[in-house]
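The structure appears right after this line, and notes come after that.
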Amino acid sequence: MDKIPAVFAVTREDGYCISDARQALDIEFIHRYLADEAYWSAGLPRQTLERALSGSLPFGIYDGDGVQVGFARVVTDGAIFAYLRDVFVVEAHRGRGLATWLARVMQTHPALADVRSWLLATRDAHEVYRRAGFESVPHPEWYMRIRK
């Protein structure tokens with residue numbers, strides 16, 4: 001797709017494109033969705049999003065006209081561990097398998113292809129991620145967290 005800079009980009013036959021080009025990200029669009037619509041990040045300050053993006057590998061999903069319609073980011077050490085965060089596709093583009101496709105494509109990124117362990121958290125999209133190879137954590141009692 002010529003509207004999205006080719007850093008790492010994959011395009012489907014229907015014109016949708018996934019890219020890691022930071023300069024193509026619509027930060028205002030991402031912030032508005034995460035702060036106002038996502039249950040997991042309600043009220044997220046823009047400065048916090050910008051810090052999170054600087055420490056992550058972000059991906060945008062774009063339609064055939066180059067308009068951003070989805071997003072996700074990966075927090076990773078690039079070798080052992082990757083944490084998939086903030087995945088969303090706007091309502092008008094849901095039902096097309098875009099989130100599953102994104103979760104699969106991110107695993108093929110040159111900086112992530114050899115990562116041994118991936119993790120994510122979701123309240124309601126388990127089947128989306130199962131189709132991308134994720135499975136339930138076998139021993140959830142082994143995991144701990146700090147929530148601030």
Side-chain angles (χ1 to χ4, degrees), residues 1-134 137 143 145-148:
M1 167 176 282
D2 59 336
K3 296 181 184 196
I4 305 301
V7 177
F8 170 83
V10 177
T11 303
R12 290 195 329 190
E13 288 183 12
D14 60 4
Y16 285 100
C17 176
I18 293 172
S19 174
D20 71 346
R22 287 179 183 268
Q23 65 271 30
L25 293 172
D26 182 341
I27 305 301
E28 184 56 37
F29 161 78
I30 296 165
H31 177 252
R32 188 173 45 253
Y33 187 91
L34 291 176
D36 299 340
E37 296 186 45
Y39 68 83
W40 64 89
S41 56
L44 178 73
R46 177 155 176 159
Q47 301 86 342
T48 302
L49 170 63
E50 290 174 1
R51 277 197 349 254
L53 289 173
S54 71
S56 305
L57 180 53
F59 293 82
I61 305 175
Y62 305 89
D63 69 12
D65 294 322
V67 176
Q68 188 168 359
V69 300
F71 172 79
R73 65 189 182 91
V74 179
V75 182
T76 185
D77 60 12
I80 304 295
F81 181 76
Y83 185 46
L84 179 55
R85 289 279 321 182
D86 299 327
V87 181
F88 72 85
V89 173
V90 294
E91 179 117 16
H93 295 269
R94 290 184 190 154
R96 300 171 192 191
L98 294 172
T100 298
W101 180 52
L102 176 59
R104 286 182 183 147
V105 166
M106 290 187 308
Q107 294 174 57
T108 70
H109 187 281
L112 303 170
D114 295 330
V115 172
R116 298 173 62 177
S117 180
W118 286 72
L119 188 66
L120 67 81
T122 184
R123 181 175 73 187
D124 55 5
H126 294 79
E127 289 309 310
V128 168
Y129 300 110
R130 278 191 225 295
R131 290 190 295 268
F134 285 85
V137 177
Y143 292 84
R145 71 176 185 170
I146 295 173
R147 180 92 174 155
K148 293 183 181 183

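Remember, it's a predicted structure, so these values are computed and weren't measured experimentally.
The side-chain heavy atoms of Leu119 and Val137, taken from C-beta on, include a pair separated by under 4.5 Å. Residues Ile18 and Tyr62 fail the side-chain proximity criterion, which asks for heavy atoms closer than 4.5 Å. Between Tyr16 and Ile61, the closest side-chain pair of non-hydrogen atoms falls below 4.5 Å. You'll find the side chain of Leu49 reaches within 4.5 Å of the side chain of Leu34, heavy atoms only.
Here the closest heavy-atom approach between residue Arg85 and residue Trp40 is recorded as NH2-CD1, 3.8 Å. For the pair Ile30 and Phe71, the tightest heavy-atom approach, listed with the atom from each and the gap, is CD1-CD1, 3.4 Å. Among all heavy-atom pairs drawn from Leu84 and Ala72, the shortest one is CD1-CB, 4.1 Å. Of all non-hydrogen atoms in Asp20 and His109, the two that sit nearest each other are OD2-NE2, 2.7 Å. A pairwise comparison of heavy atoms in Gly78 and Val115 identifies C-CG2, 3.8 Å as the closest pair.
Applying the side chain to side chain donor-acceptor pair (under 3.5 Å) criterion to Tyr129, with sequence neighbours excluded, gives no partner residue. Partners of Arg12 by salt bridge (charged side-chain N to carboxylate O under 4.0 Å, His left out), not counting sequence neighbours, listed by chain and number: Asp14. In terms of the side chain to side chain contact (heavy atoms under 4.5 Å, CB included) criterion, residue partners of Pro110 (sequence neighbours excluded) are, by chain and number, Phe8.
A donor-acceptor pair is defined here as one N or O able to donate and one able to accept, closer than 3.5 Å; such a pair exists between the side chain of Gln68 and the backbone of Asp26. At distances below 3.5 Å, at least one donor-acceptor pair connects side-chain atoms of Arg22 with backbone N or O atoms of Leu53. A donor-acceptor pair is defined here as one N or O able to donate and one able to accept, closer than 3.5 Å; such a pair exists between the side chain of His31 and the backbone of Leu44. Checked by atom type and distance alone, the side chain of Ser19 pairs as donor or acceptor with a backbone atom of Ala21 at under 3.5 Å. Judged purely by atom type and a 3.5 angstrom limit, Gln107 uses its side chain to pair as donor or acceptor with the backbone of Ala132.
If you take CD1 on Ile80 and CZ on Arg116, they are separated by 5.0 Å, rounding to the nearest 0.5 Å. With values rounded to the nearest 0.5 angstrom, Asp86 atom CG is found 5.5 Å from Ser41 atom OG.
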Check: Please walk me through it: do Val75 and Leu57 pass side chain to side chain contact (heavy atoms under 4.5 Å, CB included)?
Finding: CA-CA 7 Å; Val75 182; Leu57 180 53; over 6 Å; no
Checklist line | CA sep, side-chain torsions, deciding dist, call: Phe59, Val105, side chain to side chain contact (heavy atoms under 4.5 Å, CB included) | finding: CA-CA 10 Å; Phe59 293 82; Val105 166; 5.6 Å; no
Next item on the list: For side-chain hydrogen bond (donor to acceptor under 3.5 Å, both in side chains), just list the numbers for His93 and Asp63, CA-CA rounded to whole Å, side-chain angles, deciding distance to a tenth of an Å, and then say yes or no.
Entry: CA-CA 9 Å; His93 295 269; Asp63 69 12; 4.5 Å; no
Next item on the list: May I have the step-by-step check of side chain to side chain contact (heavy atoms under 4.5 Å, CB included) for Glu37 and Val90, ending in yes or no?
Entry: CA-CA 10 Å; Glu37 296 186 45; Val90 294; over 6 Å; no
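Annotation for Asp124: atom CG counts as buried by contact number, over 12 foreign heavy atoms lying within 6.0 Å. Within 6.0 Å of the CD atom in Glu28, the count of heavy atoms belonging to other residues, nucleotides or ligands exceeds 12.
If you look at Phe88 and Tyr39, their ring centroids are not closer than 6.0 Å. Taking the six-membered ring wherever Trp is involved, the centroid distance between the rings of His126 and Phe134 does not fall below 6.0 Å.
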